Amino acid sequence: MPRGEQRHLIAATWTSLKWPHRAPADQLLVRCYVGGVGREDLLQLEDEVLSATVKAELVALCNINVEPRYTEVNRWWKAMPQYTIGHLDRLTQLDAAVSRYPGLVLTGAAYRGVGIPDCIRDGAVAAERVVRDLLGTAPSHRERVATH
Ligand SMILES: Cc1cc2nc3c(=O)[nH]c(=O)nc-3n(C[C@H](O)[C@H](O)[C@H](O)COP(=O)(O)OP(=O)(O)OC[C@H]3O[C@@H](n4cnc5c(N)ncnc54)[C@H](O)[C@@H]3O)c2cc1C
């Protein structure tokens, strides 16, 4: 959701469309996100206030005007790494420092992408690198691509 919209909601996932097993077939499960960088104060609000705000915004945006059968509020403080300017330069320095220790690699959301597919891809490359370091074999195609 663009900041210009001036809403509390920053995104919503139609979870039961993405993963049908997460809700009964005749019901809709929506995961709504509030807060984010620069709006952390919203996480201080009471559960009831957050739920009411999200419900009101879903009415305004999507005309979903029914009382939910089930509501759950979870707070994820500082859950998402934020890449700032200079991130790639810092990564290069980190990689150079870590490469002095064969078998040691850095992987996860803090480095080369926060999405689950990014993390899986980077994890696979990291695992290959560890195996290669331990066995002394040549870099795989995937590793070579990942470092260029
Ligand atoms: C609320 C939320 C919703 C998201 N939704 C999506 C989405 O819909 N799609 C998407 O692609 N991405 C989504 N993301 C982003 C994505 O889920 C994360 O960026 C990704 O899962 C991070 O993977 P990771 O392996 O780096 O870290 P994690 O998945 O956090 O794994 C780290 C693991 O290390 C363990 N650990 C931590 N400390 C220690 C320790 N000292 N010793 C041993 N183990 C330890 C933890 O228990 C955890 O199991 C979402 C993130 C959040 C917070």
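In this text, all values refer to a predicted model and were calculated from it rather than measured experimentally. Whatever order the structure lists ligands and atoms in, that order sets their numbers, starting from 1.
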Point to revise | Arg112 backbone acceptor or donor facing His87 side chain under 3.5 Å | key: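 No, His87 side chain to Arg112 backbone: no donor-acceptor pair under 3.5 Å.
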Of all the atoms in ligand 1, which lie at a distance below 4.0 Å from a heavy atom belonging to [X]?
X: Arg31; value: 5 (N), 8 (O)
X: Gly108; value: 26 (O)
X: Ala109; value: 19 (O), 22 (C), 26 (O)
X: Pro117; value: 11 (O)
X: Lys18; value: 8 (O)
X: Ala79; value: 53 (C)

Exercise for review: Count the heavy atoms belonging to other residues, nucleotides or ligands that lie under 6.0 Å from CH2 of Trp77, then report whether that count exceeds 12.
Suggested key: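 Result for CH2/Trp77: enclosed.
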Exercise for review: Check whether more than 12 heavy atoms from other residues, nucleotides or ligands sit under 6.0 Å from atom CZ of Arg75, and answer yes or no.
Suggested key: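 Atom CZ in Arg75 is crowded, with more than 12 foreign heavy atoms closer than 6.0 Å.
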Point to revise | Joint cluster assignment, Val54 & Ile10, ILVMFWY side-chain distance < 4.5 Å | key: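 Not linked; separate clusters.
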Review point. Does atom 12 (N) of ligand 1 have a protein non-hydrogen atom under 4.0 Å from it?
Key: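 At least one protein heavy atom is under 4.0 Å away.
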Exercise for review: Specify side chain, backbone, both or neither for Cys119, according to which of its non-hydrogen atoms lie closer than 4.0 Å to ligand 1.
Suggested key: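 The answer is the side chain of Cys119.
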Review point. Yes or no on side-chain contact (heavy atoms from CB on, under 4.5 Å) for Tyr33 and Thr13, after CA distance, side-chain angles and deciding distance?
Key: CA-CA 8 Å; Tyr33 300 84; Thr13 301; 3.6 Å; yes
**Study point:** Side-chain donor-acceptor contact under 3.5 Å, Arg129 with Ser99
**Key:**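 On atom types as modelled, these side chains do not qualify, holding no pair under 3.5 Å.
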Check your understanding: Is the closest N or O pair between Ile116 and ligand 1 shorter than 3.5 Å?
Key ->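 Yes: some nitrogen or oxygen of Ile116 is under 3.5 Å from one in ligand 1.
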